[in-house]
Amino acid sequence: MKDTKISDAELEILETLWTAGEALNANEIRVRLNDKKDWERTTVLTLIRRLLDKGALAQEKREVYYYTPLVSRNDYVKGETKSFLDKFFKGNARNLAAVFETDVATDNEDIVTEIAAGSGYV
């Protein structure tokens, strides 16, 4: 599954399976998603098929097919974080931290300026 892009909708399926901690069938996935999404059965099946094609899910035939993720949530998050760092910060977390340090310093300066101007910021 290395370098395979997972869409936001596909990630919803994975999140449901990671949260469940056990294999689920398509209907069980859909029921658990119903609080957040109002997806038709065919939508869930299409997303499951895509994840199977990408090697992100395994299926097991019982009375119906059951699905389990082939990647842990932790490994997925690590991979996405590394990809993000590589893409935007040349793979260096310090470059990312520097952006936040600059933003925090700028935000603090803006707050001090507004307080000094009597904006009633606090």
Side-chain angles (χ1 to χ4, degrees):
M1 202 190 100
K2 189 173 179 146
D3 295 331
T4 300
K5 297 296 177 197
I6 301 294
S7 72
D8 290 345
E10 293 163 347
L11 186 57
E12 293 282 349
I13 301 291
L14 285 172
E15 286 286 1
T16 300
L17 289 165
W18 288 325
T19 300
E22 63 181 334
L24 299 175
N25 65 43
N27 189 54
E28 291 170 333
I29 293 169
R30 184 171 173 246
V31 167
R32 290 177 188 229
L33 277 169
N34 251 359
D35 292 339
K36 296 186 272 182
K37 306 288 180 186
D38 189 24
W39 287 343
E40 295 295 325
R41 182 177 184 277
T42 54
T43 301
V44 172
L45 290 172
T46 297
L47 294 169
I48 288 170
R49 172 59 45 209
R50 288 180 188 168
L51 288 166
L52 287 166
D53 291 345
K54 292 177 180 184
L57 288 184
Q59 76 178 6
E60 176 189 350
K61 178 74 169 152
R62 299 180 195 170
E63 65 278 3
V64 294
Y65 285 106
Y66 279 78
Y67 304 95
T68 54
L70 290 176
V71 62
S72 71
R73 187 177 193 287
N74 189 45
D75 287 345
Y76 178 78
V77 170
K78 281 181 185 178
E80 287 297 300
T81 302
K82 182 176 178 348
S83 175
F84 177 79
L85 284 174
D86 290 345
K87 183 175 183 178
F88 293 105
F89 299 100
K90 298 178 183 170
N92 190 332
R94 289 185 186 143
N95 293 340
L96 171 63
V99 169
F100 288 110
E101 288 175 11
T102 302
D103 285 350
V104 168
T106 302
D107 290 346
N108 287 340
E109 287 175 22
D110 291 345
I111 292 169
V112 169
T113 301
E114 289 193 31
I115 290 172
S119 68
Y121 194 96
V122 183

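When a residue number appears, it is its place in the shown sequence, counting from 1.
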Checklist entry - Taking everything shown except D38 itself, do over 12 heavy atoms lie less than 6.0 Å from its CG? => result no
Next on the checklist: Tell me whether K90 at atom NZ has more than 12 heavy atoms from other residues, nucleotides or ligands lying less than 6.0 Å away.
Outcome noted: no
Item to check | side-chain contact (heavy atoms from CB on, under 4.5 Å) partner of L24, chosen from T19, T16, T68 | outcome: T16
Checklist entry - Are the side chain of W18 and the backbone N or O of N74 linked by a donor-acceptor pair below 3.5 Å? => result no
Next on the checklist: Once rounded to the nearest 0.5 Å, what's the spacing between atom CG of L51 and atom OG of S7?
Outcome noted: 7.0 Å
Checklist outcome for this item: Heavy atoms of R32 and E22 approach each other most closely as NH2-OE2, 3.9 Å
Item to check | Spacing of CG belonging to L57 relative to CG belonging to L17, to within rounding of 0.5 Å | outcome: 6.0 Å
Checklist entry - Just wondering, do R49 and Q59 contact through their side chains at under 4.5 Å, heavy atoms? => result yes
Item to check | Minimum side-chain heavy-atom gap S83-K5 below 4.5 Å | outcome: yes
Item to check | Residue pair A26 / V44: nearest heavy atoms and the distance that separates them | outcome: O-CG1, 3.9 Å
Checklist entry - Stepwise, does the side-chain contact (heavy atoms from CB on, under 4.5 Å) test hold for Y66 with V64? => result CA-CA 7 Å; Y66 279 78; V64 294; 3.8 Å; yes
Item to check | Taking every non-hydrogen atom, the tightest pair across L85 and A93 | outcome: CD2-CA, 3.9 Å
Next on the checklist: Distance check, rounded to the nearest 0.5 Å: I48 atom CD1 versus D53 atom CG?
Outcome noted: 12.0 Å
Checklist entry - Is the backbone N or O of V77 less than 3.5 Å from a side-chain atom of E80, with the two atoms forming a donor-acceptor pair by type? => result no
Checklist entry - Can you name the nearest heavy-atom pair linking A23 to R62, along with the distance? => result CB-NH2, 3.7 Å
Checklist entry - Shared ILVMFWY cluster between Y67 and W39, side chains joined below 4.5 angstrom? => result yes
Checklist outcome for this item: Nearest heavy-atom contact between L70 and G55 is CD1-O, 3.4 Å
Checklist entry - Going by heavy atoms in the side chains, are I6 and Y76 under 4.5 Å from each other? => result yes
Checklist entry - When rounded to the nearest 0.5 angstrom, what distance separates CD1 in I13 from CG in D8? => result 12.5 Å
Next on the checklist: Can you give me the closest heavy-atom contact between R41 and R30, atom names plus distance?
Outcome noted: N-NE, 3.5 Å
Checklist entry - Would you find a donor on one side and an acceptor on the other, under 3.5 Å apart, between the side chain of R73 and the backbone of E15? => result no
Next on the checklist: Just verifying a value: how many Å separate E12 CD and T43 OG1, rounded to the nearest 0.5 Å?
Outcome noted: 13.0 Å
Next on the checklist: Would the distance check show the side chain of T46 and the main-chain N or O of T42 forming a donor-acceptor pair, the cut-off being under 3.5 Å?
Outcome noted: yes
